[in-house]
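All ligand and atom numbering here is 1-based and tracks the order in the structure. Throughout, residue positions are numbered sequentially from 1 according to the sequence presented.
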Amino acid sequence: MAKPSVRITAATRGAFAARLLAWYARHKRNLPWRRDARDPYRVWIAETLLQQTQVATVIPYYERFLARFPNVRALASARLDDVLKAWEGAGYYARARNLHRAAKEIVARFGGEIPSTVEELLTLPGIGRYTAGAVASIAFERDVPVVDGNVTRVLCRYFKIESDPKNAQTQKKLWKLAETLLPRGRAGDFNQALMELGATVCVPRKPQCAACPLRRSCRARQLKMQDRLPTKRAKKKLPHHQVAVGIIWKGKRILIAKRFARDLLGGLWEFPGGHREKNETLARCVARETREELGIEIAVGAEFAAIDHAYSHFKITLHAFHCRWVSGRPRAIGCAAWKWIAPRDLARYAFPAANRKIIARLV
Ligand code: SF4
């Protein structure tokens, strides 16, 4: 990998931290989780939500989640269904399942107190190096670094690091750099300042260099390379799947099925159905999937909606058909559970986003 083109001396380090911290003191955003930043539970929930999700989207979820589960014990004693319902729409549901599992472990292994060291935090489900560093530094003022997408962008530009930041070697280098730059005793503010700079000034497109506290010594700005750094990998074309599901009516009730906990979107409810096989019509797909998943026969009617939705690694078009139950008592063969419910009760269950769009049209 390319070596950073700025030599890091004690003076460089001191100036970097001083400028960044002074800028942060003046410009930091007033975000709800910063109001009580010494509460590790709040930091943990916020940092978990902020992985993969924009700040503006996170705020209402954060506030709802905190109101519903105000502390570790409340989260640990909640039903997973309720946790998933509170998370509904935020996506990446493994985060919610892991929060729930980790809360139980914190109660069982740490007496309900969130541990303060990176090493202990890393033993909890769903907590990786980034979240452990964020909780330990922000809530407990431990001198540990964090590297997320924002920090990566700032460091790659400032030090003109041209190798792929997703590469393991480059990652190692970035973590080392972040640690070297850390002013002892100010890690919480410093880490937040670096992330804040990446989120608001050193943004992916058109960074606001004129407003940047690091502009004088930034290599990318000096060489007009801001738009080329960090180096991007060529994007792979995402596979696109056709999925067919049934709104299966029996009188005035609809059949819903719960996904296995181990699967993608695990623990969420959905309309029965699945991926179309080669040379299969969408209507036959719904009938086959329902038979395999629940052991019932249905009559497939008209297509009711077609929804496009993109996940991180693939895209789907979700085709929803009105169907009528014909025979058989449902059995949980290819799902964790099933229920006949009235359409007005759909709002009580957590559904994935694409199913939610169908529900919005249905009711
Ligand atoms: S000067 Fe520009 S490119 Fe360099 S760190 Fe600041 S905003 Fe980013």
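- Figure legend: cation-pi geometry between Arg259 and Trp269 absent, as NZ or CZ is not positioned both under 6.0 Å from the six-membered ring centre and within 45° of its axis.
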Verdict with supporting geometry, Asn191 and Ser137, side-chain hydrogen bond (donor to acceptor under 3.5 Å, both in side chains): CA-CA 8 Å; Asn191 286 340; Ser137 64; 3.0 Å; yes
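- The distance from atom 6 (Fe) of ligand 1 to the nearest N/O/S atom of Cys212 is under 2.8 Å.
- Taking the centre and axis of the six-membered ring of Phe140, the NZ or CZ atom of Arg142 falls outside the cone set by 45° and 6.0 Å.
- If you number the atoms of ligand 1 from 1 as listed, the ones under 4.0 Å from a heavy atom of Arg215 come out as 1 (S).
- Of the protein's non-hydrogen atoms, the one nearest atom 2 (Fe) of ligand 1 is Cys209 SG, 2.3 Å.
- The closest protein non-hydrogen atom to atom 4 (Fe) of ligand 1 is Cys218 SG, 2.3 Å.
- Between the Asn355 side chain and the Glu270 main chain, no donor and acceptor come within less than 3.5 Å of each other.
- In terms of protein heavy-atom proximity, atom 3 (S) of ligand 1 is nearest to Gln226 CG, 3.5 Å.
- Here the OH-CD distance, from Tyr158 to Gln222, works out to 8.5 Å after rounding to the nearest 0.5 Å.
- Closest protein heavy atom to atom 8 (Fe) of ligand 1: Cys202 SG, 2.4 Å.
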